[in-house]
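Report on the structure given below.
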Amino acid sequence: MRLRPPDPVLLPLVVALGMVPLGLAFVTVARNRLVTGRPMPLWHAAQGPEAILSLAGLALLLLAALKRGPWLAILSGVLVMGGLGWIAGDVAQLQAISQPAARVSLGGGFWLMQALAALCLVEAARQTGRAGKALATLLVAAATASLMMSGTLDDLSLLREYANRRDVLGPALLRHIEIVTLAVAPTVLIGVPLGVACYRREAIGRLVLPTLGVVQTIPSIALFGLMLAPLAALATWQPALARIGISGVGMAPAVLALLLYSLLPIASNTQAGLASVPDSVRDAARGIGMTRGQIFWQVEAQLAFPALLAGLRITIVQATGLAAVAALIGAGGLGAIMFDGLFTGALDLALLGAIPVIGLAVTADLLLRLVTPRATDRAPS
Amino acid sequence: MIRLEQVRRAFNGREAVAGVDLSVARGAFCALIGKSGSGKSTLLRMINRLVEPDSGRVLFEDADVRSLAPEQLRRRIGYVIQSVGLFPHWSVARNIAAVPALLQWDRPMIAARVRELMALFDLDPALAKASPASLSGGQAQRVGVARALAADPDLLLMDEPFGALDPVTRATLQTELLRIQRETGKTIVFVTHDMDEALKLATQVVVLERGRVVQDTTPDAMLANPADDLVRDLLGREDRGLRRLALRPVRSALRPGEDPSAPTIPADSDCRAALSRMAELAVSTLTVTAPDGARLGLVHLSDLVAG
């Protein structure tokens, strides 16, 4: 049998994974939640069966990279990710027994190793196709769930912050979704017709799209700030508006600013989608006797739809991230937790706010990708 | 079937069509030929009101087209363009069914018509569900012509339909179109810049130059008496005689007799092919044979040249 060269993607990843502990702290241990912790390298942290598990995982991952075994890479990658989580959790538990106020935070080494192992999984799943993707997702979910449910991770600083803020995290998440929805839904209602108008009348397009482009370049905090004065003035002038919640701070300026940001991707993608319909198709549609309405709904709108969905995806992901910044003007949401942590120096609290923001953005992106028909493999009806 | 009376149309001050009178009889195969910018496409697109004339009248079955709603008119006229313009998000079958669907035929009738047209154009029934993107150029244009014929229009407008195809595919589609036109008796108006194509297909050739009709006659008459230098150039100065021979079937020069030494030529060849074969084999007599091999008679060089 001819020897195959090692996997050109997996091998460097595994080597890097093995070298991370040499340079970066695995966890940091602090006396309490507000002081900076001392770094603790992996070899001090790793004890017990989980250390053996992680090491075995790493060895198998190396073997998988050398022998080109993507299935083995998936299994061992999950082993490494789970094992590292277990190690971190155990360190925190040990510390909690001796010093109840001490905080064990996940260090750069932990995150980088998790990221590298995750990249190994992505690459291995790519090589194995759909089944591998499903298996990797399932195993990661199962490992995460079992570590969380067993309470292994409960003493980590991040989870302690979670325990403290459990009652506000849920409402903050809902508030975050609310801000994004309130901004994106009207954006679609305004942006799509605007995109159609930009396509139909070149003059409108030349005016509107660059203007929206300029709006995009305004830093988000500045735009939120710009909203303060006019909305406050509006609320003073018409107290009825103030009563329904329009004011210089809070939800109203946040939603309005996000709406302005979101208009460009929606309008320009609608316009681009319509412009991408070949002239020959439009000529044929007219030539066989379709009315203007039929050409728009049966041909142009359907061909522009994937581009519109892509615009919607960009918009939702962008708005989810920007909504976090909106906490600075009192809009609430996950950003409030994030900034709370940043301003008090409790980085794990900031993380507690940031992780769900990322989760929301990734989930929205995934869901919209699933419903976006791909131009090449769409089954014609 | 169609009559154009003194139609004019200018774009940005330049006259694309500068006073054209033209009539096309029912069942005719009319080729509009000319160089780029001669106004041939504009003229064609006036018939189904994709372009409106600035002045003059366009009559379709003796009715002024302006008295008809443009969409209704276009559904009664087949339309084929060089770039085909199939709807990329619809299957082949749904593309063919486009006009019957607009006319709200019932579903079984549409399905039967699609099957019939796919058979007529020699398209594999398995392609019915295929996406237009998966078709070859020749297949796509077959679907394009099938779509134009779906609602059985009496008139078919074609704007350089085979211009983007390779010579072999083009020749095949030309022959198919000719066969279908003979079988169905459709009236066809056809824009081309390829004189060979015009002579092969058309019963009426209309040469256009700067928006005016230069000559409007049968292929044979045009070859015999070109109206001016432009027509002579389009016909090709050197091989005009050969092109004229190509219009005549070898049967027309057939004379009785038998010559065992004379090489054979199939009876469905044209006179140019016969002349070419004589030149190739250095003979002046050929035996004309039927498809079953029967000897029908002889053709002599002198008969070909005498016309």
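Chain naming here is simple, since letters A, B, ... match the order of the sequence lines and numbering starts at 1 in each.
Annotation: the span from Glu71(B) atom CD to Thr291(A) atom OG1 amounts to 6.0 Å, rounded to 0.5 Å. A distance of 8.5 Å separates CG in Asp279(A) from OG in Ser83(B), rounded to the nearest 0.5 Å.
The most heavy-atom pairs under 4.5 Å with chain A, out of Gly144(B), Gly85(B), Ala148(B), come from Gly85(B). Top candidate by heavy-atom pairs under 4.5 Å with chain B, chosen from Met290(A), Arg286(A), Gln294(A), Gln298(A), is Arg286(A).
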Could you go through Val277(A) and Phe87(B), starting from their C-alpha distance and side-chain angles, then the distance that decides it, and tell me whether this counts as side chain to side chain contact (heavy atoms under 4.5 Å, CB included)? CA-CA 10 Å; Val277(A) 176; Phe87(B) 303 121; over 6 Å; no

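No more than 12 heavy atoms of other residues, nucleotides or ligands lie within 6.0 Å of CD in Glu202(A), so this atom counts as exposed by the packing criterion. Summarising the local packing, CG of Asp62(B) is surrounded by 12 or fewer heavy atoms from other residues, nucleotides or ligands at distances under 6.0 Å. A 6.0 Å sphere centred on CZ of Arg179(B) holds more than 12 heavy atoms belonging to other residues, nucleotides or ligands.
Of the two parts of Leu102(B), only the side chain, counted from C-beta on, holds a non-hydrogen atom closer than 4.5 Å to a non-hydrogen atom of chain A. Of the atoms belonging to Arg45(B), it is side-chain heavy atoms, and not backbone ones, that fall under 4.5 Å from chain A. In this structure, chain A has a heavy atom under 4.5 Å from the side chain of Arg147(B), while its backbone stays farther away.
Under the 3.5 Å distance criterion, the side-chain polar atoms of Arg75(B) are matched with a main-chain donor or acceptor of Gly289(A).
Closest heavy-atom contact between Ile288(A) and Ala98(B): CD1-CB, 3.6 Å. When every heavy atom of Gly287(A) is checked against every heavy atom of Asn48(B), the shortest pair comes out as O-ND2, 4.0 Å.
No option in Val84(B), Leu86(B), Ile81(B) other than Ile81(B) meets the side chain to side chain contact (heavy atoms under 4.5 Å, CB included) test with Ser280(A).
The side chain to side chain donor-acceptor pair (under 3.5 Å) analysis of residues 175-199 of chain A, with sequence neighbours excluded, yields the pairs Tyr199(A)-Arg282(A).
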